[in-house]
Structure formats: C-alpha cells, structure tokens
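Reading through the structure tokens given below for one structure.
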Amino acid sequence: MTIHLYNTLTRDKQEFTPLDADNVRIYVCGPTVYDFAHIGNARPVVVFDVLNRLLRHVYGAEHVTYVRNITDVDDKIINRAKETGEDISAITSKTEKAFHVDMEALGDQGPDIEPRATEHIPEMITMIEKLLKSGNAYEADGHVLFSVSSCESYGELSGRNRDEMIAGARVEVAPYKKDPADFVLWKPSTDDQPGWESPFGEKPGRGRPGWHLECSAMSEKHLGRTFDIHGGGQDLIFPHHENEIAQSRCSHGTDIMAQVWMHNGYLMAEGEKMSKSLGNFYTVHDLLDESPGEAVRYVLLESHYRQPMDFRKDKISEAKGILDSWYRIVDTISAENVEVPDEIIEALSDDLNTPKAIAELHKLAALGKAGSEADQLKAKQRFLAGANFIGLLGQSAESWFKGGAAKSGGLSDAEIDALITERVQARTDKDFATSDRIRDELLAMNIILEDSADGTTWRRG
C-alpha cells in the first residue's frame, strides 16, 4: 500500500518513501503542561494517532517509532506557578497526568517515546555549543541567540519574507539581538526560576533553554539527525518549526531535519476563535464530563486534518447518536483476526482522508443490515475492524450503553441497578404505579429499560 501525504515544506502531496523502511520515524510536538488540554490541543493528538496506526499497519509496528514530547520547562509554566503559588513540579506532574487520562479517553494509543524537556538539558547545551562554534549562534547579555542571517534556507517552511518574519506574532523584540528575527537558544534564570548550570556568558551561571531548542534536541536524541515525519498544529509552522529546522540543519550540517512536515488546520469553536470570555473555550476534561470520548473523537475525525474546523458541541450529540446505532450493529460481534477493509486503508493512505474513511464505515454498516445472515455477519465484522482501526467502537456494546457514571449529574450504574431492583419488587407486589413511575423517571434521563423473560436490562439511550 502506497501512502501519500501533504508536505508543508514542498507544498504538495507526495508519495511517502521513508528514509529507512525498517525504521520509520515520526516526531510530534506535544503539550506544554501547565493547564488542561483544550479541544484544539486534542486535534493533533487524534490526527497523528491515526497516522501512527496507519504507518504501523503498512510497515509493521516493530518498524515504526513515534515520539511525542512533553514541554515541562517554559515561561507559561513559570507564570502559572507565580499566579497560583504552586510548585512548578507539582503543576507539571498533575497536568501531565490529566493530559494522559484525557487523551486516552479520546482513544489515543500514545507514543512509543515521550521525552520531557527537563531530562534533555545536556543534549541542548551540546547543540548550542555546536552552533556557537559554527558561527550560527552568538552570546549577548547573558543569552545565546541563533543568527537567522547565517541560515540561507530560513523561511522555507513558512514561506514568509523577512518583513513578515519580523512583524509576525511571537517574535520577541529585544535590544541585545543583532537582528530582530534572531531567536533565543538559552536564557538566564533568576533564583526563583528553573535553571541549570551552563558554560554560556561572561559569568557562566544558571539558565534555561528556549522553547524551539527543546524539540530539536529531543528529536535528535530519539530519532537521529534526520527522520521521516514531523507533525504539529498549523500554528507551529512559524516560528517554532521554522526555528527547529534552522538550528537542527546548522547544528548537524544536514540538508533536512524531517523530510515530511505535516500540520493540522486551525480549530474554531461555535464559529469563533476559542475564548473564555465568549464561553466557547472547551477543555477536553470538561467535555468528557458531559460526553463519551469516542463521540468527541468521531467529531474530530469528521473533518480532513488539513482543513480548518469549527468544533460545535451539538456535533458531539450527533456523533453519539451515530455511535449508538453502530454499537447496536456490532453487539456480540467480534472482529478478532479480521483484516482491516482495504477501502479504509486506501482512504487513510490518501493524506489521512478520515472523512472518506468514515463514509466507508457508513457503507459497511448498511451492508451489515442487508443480504443473507452470513453476508451480514461478514459485513459487520469488516465494519467493526475498520472502526477499531481508526479508534472507534473499542468497547462492548453493553459498556457503551451503560457508560459508567452518567454525565452531568445523572445516575451511576449502581444507582440505576438499585432503582431497577426496586421496580422489580414493585412489579412482584403488583404495585404497577411505582413500577411505571421508576420506568418513566429513568426514561426521562435517557435510560431505557428492556424487560424480557430473563429479567430487566438497561442501556443509556
């Protein structure tokens, strides 16, 4: 199976040919752990989880290495510690744990390696020393800065001209820079900030790395000086990824850092840019209090990853309705040892066309309701195998419909079971008014009872 991917660097869709088919390597920028991940942070997690699944399918799981980092030293984290008075290590630890729990709920299988920036300071210092020696970096006012003018290819990824670079957001203006576009590799730390001893400056002392440097050092350590795919959100193209390329190429003396650069599109919410003041700032943590993670994942997969996306909460309810119907189709069905349908792999191999993959799943679901019993079973198994491949229908139908604790202040499984026991007793006592009342109360909470000769079962509607 041939995979085609859109390369931001070359601005075209091209056949993917790994540098080494026995060692396919992908690096994706992970979270800065200072607060709960919002739905925009979740989009690249889901996108590149699907890509990782596809690469493993085509090349074999043992031949793919997926690295996604944790940024645990950053000015945002320092500022959060000042705001709350909480210890930095406590902030990063609890936020990282919450990130893992939330992303797992979205069906993320996780990376093979998850390096933390603070564990790679020696590698960062070594890279800075190389850049200073080669003339691509200089020291000024206790800082070490990358000299953008020393890298002829700078701007190739973003396609920005010099004026756009200088005027662009997130480019820090500082008097110690030789050029306004130069960016920080290392900065001094005060006593109340995280810091590590370094050889930089007239009076070497404590300092910390610049954000861009962290990913260059971690990707080199775990994937090598050059690798296959670097991914992230579109907002990272400039300056983060542009700066990564420059410092990595110049440090290693290579023509490339990654041969393919992939970026998912921007995410809006309810038609506007996410903002707490507008009430449309959705953290994954909060969404999971109201909705199952699979429904959120379905919504994220409905749009092509490169296109901008308008995330709307009403779409989660629609997605849950679709998944309800899908779970009913595959109830008691197993897809063990069933090949993933070719049409699903073909859709994903065309630049991760998840909307087409979902359309193919709808076709397979329809086939599961038509034809002979044997044909229906085969179609259902293929349907389930395809859904599982993109991270859907990963639990039993019973678990899905019961769903653990009900959302938004509803009843837990134990509370529902207790009411059903009470209803059974009422029916035994011929107290049909109580029996009907309990049934109606549960139905009002979207909990459906099904009576049979074997007893009463329930599911969430």
Is the number of heavy atoms from other residues, nucleotides or ligands under 6.0 Å of [X] [atom1] greater than 12?
{"X": "E119", "atom1": "CD", "answer": "yes"}
{"X": "E336", "atom1": "CD", "answer": "no"}
{"X": "Q395", "atom1": "CD", "answer": "yes"}
{"X": "E152", "atom1": "CD", "answer": "no"}
{"X": "E318", "atom1": "CD", "answer": "yes"}
{"X": "D255", "atom1": "CG", "answer": "no"}

Interatomic spacing from [atom1] in [X] to [atom2] in [Y] - rounded to 0.5 Å:
{"X": "I390", "Y": "L54", "atom1": "CD1", "atom2": "CG", "result": "12.0 Å"}
{"X": "L236", "Y": "H212", "atom1": "CG", "atom2": "NE2", "result": "10.0 Å"}
{"X": "N337", "Y": "S334", "atom1": "CG", "atom2": "OG", "result": "8.0 Å"}
{"X": "D35", "Y": "H38", "atom1": "CG", "atom2": "NE2", "result": "9.0 Å"}
{"X": "N243", "Y": "L213", "atom1": "CG", "atom2": "CG", "result": "10.5 Å"}
{"X": "I358", "Y": "K363", "atom1": "CD1", "atom2": "NZ", "result": "13.5 Å"}

Salt bridge (Lys or Arg N to Asp or Glu O under 4.0 Å) with R249: of E220, E242, E156, only one passes, and it is E156
Below 3.5 Å, can you tabulate the donor-acceptor pairs from side chains in residues 124-133 to any protein atom, sequence neighbours excluded?
residue, atom, partner, partner atom, Å
T126, OG1, P122, O, 3.0

Side-chain contact, heavy-atom cut-off 4.5 Å: [X] with [Y]?
{"X": "K369", "Y": "K380", "answer": "no"}
{"X": "S251", "Y": "S216", "answer": "no"}
{"X": "P44", "Y": "N264", "answer": "yes"}

For [X] and [Y], which I'm curious about, is there any donor-acceptor pair between the side chains at under 3.5 Å?
{"X": "S396", "Y": "S399", "answer": "yes"}
{"X": "S150", "Y": "N136", "answer": "yes"}
{"X": "W211", "Y": "D75", "answer": "no"}
{"X": "S248", "Y": "R225", "answer": "no"}
{"X": "D182", "Y": "S147", "answer": "no"}
{"X": "E244", "Y": "H230", "answer": "yes"}
{"X": "E114", "Y": "H100", "answer": "yes"}
{"X": "D286", "Y": "T283", "answer": "yes"}

Query raised in the report: Is R306 close enough and on-axis enough to Y6, meaning under 6.0 Å and within 45°, for cation-pi?
Result: yes
Cation over ring face, K76 and Y34, 6.0 Å, 45°: no
Do you know which two heavy atoms are closest between [X] and [Y], and how far apart they sit?
{"X": "N280", "Y": "M274", "result": "O-CG, 3.2 Å"}
{"X": "A387", "Y": "L393", "result": "CB-CD1, 3.6 Å"}
{"X": "M103", "Y": "V284", "result": "CE-CG2, 3.9 Å"}
{"X": "S189", "Y": "R208", "result": "OG-NH1, 3.2 Å"}
{"X": "Q234", "Y": "G265", "result": "OE1-CA, 3.4 Å"}

Go through the steps to decide whether E398 and K402 satisfy the test salt bridge (Lys or Arg N to Asp or Glu O under 4.0 Å), and finish with yes or no. CA-CA 6 Å; E398 181 181 7; K402 288 191 174 181; 3.6 Å; yes
Query raised in the report: How far apart are the C-alpha atoms of T71 and E214, what are their side-chain angles, what is the distance that settles it, and do they pass the side chain to side chain contact (heavy atoms under 4.5 Å, CB included) test?
Result: CA-CA 8 Å; T71 296; E214 295 173 3; 3.4 Å; yes
May I ask you to check whether [X] and [Y] place their ring centers less than 6.0 Å from one another?
{"X": "H241", "Y": "H263", "result": "yes"}
{"X": "W186", "Y": "F146", "result": "no"}
{"X": "Y176", "Y": "H143", "result": "yes"}

Apply side chain to side chain contact (heavy atoms under 4.5 Å, CB included) to F48 and Y66, showing your working.
-> CA-CA 9 Å; F48 293 106; Y66 174 26; 3.8 Å; yes
Parallel, tilted or perpendicular: rings of [Y] and [X] (30°, 60°):
{"X": "Y154", "Y": "F183", "result": "parallel"}
{"X": "Y327", "Y": "W400", "result": "parallel"}
{"X": "H120", "Y": "H222", "result": "perpendicular"}

Closer than 4.0 angstrom, basic N to acidic O: yes or no for E270 and K315?
no
* Asked: Should the pair R68-D108 be classified as a salt bridge under the 4.0 Å nitrogen-to-oxygen rule?
  -> yes
Which of I229, D351, V260 passes side-chain contact (heavy atoms from CB on, under 4.5 Å) with N7? It is V260
Assess whether salt bridge (Lys or Arg N to Asp or Glu O under 4.0 Å) is satisfied between D112 and R56, documenting all intermediate values.
CA-CA 12 Å; D112 298 301; R56 288 171 182 273; 2.5 Å; yes
query = When you look at D310 and R312, which way does the salt bridge (Lys or Arg N to Asp or Glu O under 4.0 Å) test go after all the steps?
reply = CA-CA 6 Å; D310 182 15; R312 296 178 181 273; 2.7 Å; yes
- Task: Output, in order, the C-alpha distance, side-chain angles, deciding distance and verdict of salt bridge (Lys or Arg N to Asp or Glu O under 4.0 Å) for R80 and E83.
- Result: CA-CA 5 Å; R80 179 56 54 90; E83 292 170 5; 3.2 Å; yes
